[in-house]
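This report refers to the structure that appears directly beneath it.
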Amino acid sequence: MLAYITKIKEISDRLLKEQKVDLIIGFRKGTIPMMNEPCFAKTASDVKNLVWDSNCGINLANYLTNRKEKIGVIAKGCDARNIVTHILENKISREQLVIIGVPCKGMIDRRKVSAASGCEVAEVLEKPDGIVVKGPGVEKTIKKVDVLQDNCAICIHRNPVISDEMVADPVEEQKGVDRYEDVRRVEAMSPEEKWKYFEELLSPCIRCYACRNACPLCYCPTCFVDESKPQWVGKTLDPIDTRTFHFLRAYHCAGRCTDCGSCVRACPMGIDVRAFTKKLEKDALEFFGWEAGMSLNERPTLDTFKPDDPDHLIK
Amino acid sequence: MEYAQAVPLKYAINPDECIYLQKGKCGNCKDVCPADAIDYEQKEIRKTINVGSIILSSGFTPFDPSKFDNYQYAMYPNVVTSMEFERILSASGPTHGHVLTRPKSSKKKDAENVKTPKKIAWLQCVGSRDMNRCDNAHCSSVCCMYAIKEAVIAKEHVGDDLDCTIFFMDMRTHGKDFERYYDAAREKHGIRFERSRIHTITEVPGTKDLSVRYANEKGELRNEVFDMIVLSIGLESSKQNIELANKLGLDLTPQNFCKTSTFEPVATSREGIFVCGAFQGPKDIPQSVVDASAAAEAAGAILAQARNTLTRSPEVVPETNVIGERPRIGVFVCRCGSNIAGIVDVLAVAEYASKLPYVEFSTDNLYACSQDTQDNMVQLIKEKNLNRIVVAACTPKTHEPLFQETLLNSGLNKYLFEMANIRNHDSWVHKNNPELATKKAKDLVRSAVSKVALAAPLAEAELEVNQTAMVIGGGISGITTAKSLAMQGFRTHLIERSGQLGGQALNLYHTSSNEDVQEKLSAMIQDIERNKKITIHLNTELSSVEGFVGNFKTTLSSKKKKKVLEHGVAVIATGAVPFQPDEYCFGQDSRIITSLDLDKKFMTNDPMLQDLVNAVFIQCVGSREPDRPYCSRVCCTHSVHNALELKKRNPKMNVYILYRDIRTYGEREILYKEARAAGVIFIRYSVNQKPGVVLSDGKILVTATDHVLGRLVEIEADLLTLASSIVPYKDEKLAKFFKVPMNDDGFFVERHAKLGPVEFATAGVFLCGLAHYPKPIDESIAQGQAAASRAVTLLSQKTIHTSGTVAKVNPAICSSCGVCLSICPYSAPSYLDEKARMFRGKAQINPVLCKGCGLCVASCRSGALHLQGFDNDQIFSQIYALSEAG
Amino acid sequence: MSDWEPKIVSFLCNWCSYGAADLTGVSRMQYPPNIRIVRIPCTGRMSPKFALAALREGADAVWVSG
């Protein structure tokens, strides 16, 4: 990690100095533990504030939308895939970007850390042998694998698919991961069980739209939830409206979602929003052999029609 | 009324059966007709019309098998004709699509024994290819395919365990995609094909089951019992057709079809009289449709100068501006005689409608579509100042245009209209439930009212048509199209990739009716070279195509230069090439040649032809194989004709044709008969056991298993002709230029396999010749004429209107994500370019290219796209209206 | 519950299924009157939002055909 940040700063400094970019989008320390925040570094002193550790889960592709400058962007595996989608969907052009690729071994889930430490977390340090959590009168070392974000634990694209500079050699990709165990469990449920499952899943939702705001795919000038003519979805906390919002948002992500986990990370109520997008991500893979953001040469799978597309799913 | 699809769909009285007309009594129909439409006084009226040309499309008559005592069609209730079986399969037929035995019996005892059949057989060639018991030597061309279709559908209706067997002589699936259908019927649907001609059908004593005795392919005698037997009856000319031809002084063929020539396939022997469809010869629907367009072209060409001299333009009523007005909806509920009113309480529906929001006026009509109601509607719209109209009646698919016309006549934009389908979707399908049907009618009216309230007047884009045509491909079809278009008075550019016109026809010797191809072809070429309206571009290919119907811009590139051609329509006639065989030692001996090589030898009078002892033909070389699962259609006739030519040159020569099925369809069958009479020896082989060819000591040894003797025969061939298949160019570039589809084999895919055989779904682009599918010269010429005919319907208009129900972008909320550009099959969306004053990079829709399917609208996450006429708020309001309690 | 009748909202493609529903009428085939048809120009026009709206408005089933 220390090596990463040194290299990130070195590259950022160089790019700014050589005026190859107008700004660097990366992370700096947040005001509370485990909450690094995105930052736009435009000067050498800004660069000094850049950090890299296992709390950089926010997807930085989200900050590229419709920007006009030349940008150096720090990109993990998932960020890079979303940058590809952003380029394909005309949210930014490839020429505007210098992608600083960061091989990633997963980000930690602050809720899991809190739960594992059993106290209010005051400070978190990453050591080679684990994560050291300090709280009032407590100091505890936790294994990183135990507190990884759910999506990171099953990630199979840890290395950026696209980059101009790399801060380190690629890390080994995880092999033999069962990515969809949870989706299959829901699929196997009876309609009544499913109904109950989703009812409980969404019951805490307060319709704050944090999941939408954190998602790099949600960049429409006017989101369907904000439109009133026609009113696609009611604006109340009625469970039907809430469900409609989540279903439709998931559909908008179908064939485009990279399972970056930003939505779950952003949710203040701790809802596993990925339960929706992941099913569609699985279907895109199984029906169309498609993983989003892997290539600049192909539009997202649902944007195209091929005569040999499977049709059993609509019968 | 003879057919449910009759046009016009009106009843007529058969005077021979009418009691009133015959005996002066009855008159019931007059009493009950609510429209007062019965007029017994109508008499036959003779009219004289002056016309410039006549087209005969008087069709065929199905062969009547009752004269065959061996099939006992008239006696046995379970022997039916294929035409009767079509009706049995039809949902609107006598059994509502249920396949049941004893369909012909009216006896009560039989009715009790009606059952669902377990085994059905089809007997092919009943009344075709038969000179013994009837005089029809020709093949009827369509029966093999319809028998397979009937068997497949019968299995769909009855269930997969229905046992279907087709007894045939040669399976003739020579049409486009037909061979695939045959393969699927055999392999996927499990339909059994028995190569055997059944001599006699007998009833199993004590039952109505049918027993047949036949020899199977191996020569073994079999007895088999079926529940039902379908006679695949052939096509023949009716007596009336023959009388008509005699009256008009037209020549007929020996089979009594109208005589035409290869190079003028729709011209009869009398100038100005043309023929199309099955009166010209037995043929299927696509070929008949091609003929019809070709005949229209031929008839029109000689009348081109008189075009529009007898037409009158209707008066145009200026459109009232209703934008910003509160909706004032008029609802007209149709009784449709008793079709609707017999079930649905129409008065209650009209009364209900009058209380719906924005409804200003509602009424019921006996027939909303009748002329007096239409006139009345125009009056009411003006009187009550209505600005939106709902007609609750039948289906918009047939009647929307009629009512839209009425709106136009009253000065309303035709898109301020909606229909509620309370007949086809209601009264007709819920006849035992009047109460709920009435409730449903109210729901449908409410839904339509809520939708029309949101309707806005829509503009139709008008675009000028560049009255120039471009024909791509200078083969026989392209030449024909270019000539036809020029004769109709349109400037035509003919593009040919090689340095010479003529295409594959340059390689052909004689047609199957012995016309000299080279002589005719050079006359055709001279003809178009002299025509001032035609510009010929040799050694030229297309490098790009821009634009759309009426306004194409094509860049042509020849060796040195590029030039841009502006044209209104394009005809693709790019042809195909002969397959170069990769088997049977082809290329290893100069005496192993293709059919076209043999034609060349005929043309040059190659002396080697004189001294041949044994000449062998092998059919289906490269066709009907896994790599090319289609029949090349022309090769059987070609080889049979060439075999006869060899026999003519040297009657002592032994000529062998090794074949899988002889497919001399239609009147080409006569050639096959002649060939057998001339001593040509036909040996059948199967695809699993192909003939062997070995070169040994300078000899060509051909081995095959004789299907009659079951023994291996060896022939020392002095000449081995391989009937190689026809393969398309697979011109992906051209397909992309014009956004037209191609099938797996590489042939272009027409708009509709049956009803649109010479045009593409892309407006303004047409198709003919081998690029569509393998076909002989007469069919290529007919298709060339047909393509011209369809193109003229566009070219003869100065401007065309597109539909108003097209997509539109609200650029302010467009996110430029590009889904619409990617997903549209018609390339209608694009980005506003850098030069745009506002909204650069946002999507826009070209209304001319948009077909109004709504794919982009449904795919647009930002909600920036709207489908006018089917907009989101309209569909939502329909959904909401449906849920409101009535 | 024995006399419960489902409410079905169907979205039919103008070019095929809507025409088929017309033909059903022409053929006088009978079916229960629980179904309400919304004509759409092509099933490509169908949006998940319509299905959800219909369900929300009390439909027990949504049928899309084309």
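This one's a predicted model, so the numbers in the text were calculated from it and none came from an experiment. Atom set for the values below is all heavy atoms of this structure, side chains included, hydrogens, waters and symmetry mates excluded.
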Part of B:Cys814 lying under 4.5 Å from any heavy atom of chain A: backbone
Please look at A:Arg256 and chain B and tell me whether the side chain, the backbone, both or neither of the residue comes under 4.5 angstrom of a heavy atom of that chain. side chain
Got A:Tyr219 and B:Cys817 here, is their nearest side-chain heavy-atom distance under 4.5 Å? yes
To the closest 0.5 Å, what do you measure between OG (B:Ser816) and NZ (A:Lys91)? 5.5 Å
Got a sec: does the OH of A:Tyr197 have more than 12 other heavy atoms crowding it under 6.0 Å? yes
What part of A:Leu88 is in contact with chain B, defined as an atom under 4.5 angstrom from a non-hydrogen atom: side chain, backbone, both or neither? backbone
Keeping A:Asp303 on the side-chain end and B:Ser822 on the backbone end, is there a donor-acceptor pair under 3.5 Å? no
Counting only heavy atoms from other residues, nucleotides and ligands, does the tally under 6.0 Å from OH of A:Tyr251 exceed 12? no
Between B:Arg861 and A:Arg249, is any pair of side-chain heavy atoms under 4.5 Å apart? no
Looking only at non-hydrogen atoms, find the nearest pair between A:Pro221 and B:Ala812 and report the distance. CB-O, 4.3 Å
CH2/A:Trp232 to CG/B:Asp873 distance, rounded to the nearest 0.5 angstrom? 9.0 Å
Note, B:Ile823 side chain near A:Arg299 side chain (heavy atom, < 4.5 Å): no
Heavy atoms from other residues, nucleotides or ligands near NZ of B:Lys730 exceed 12 (cutoff 6.0 Å): no
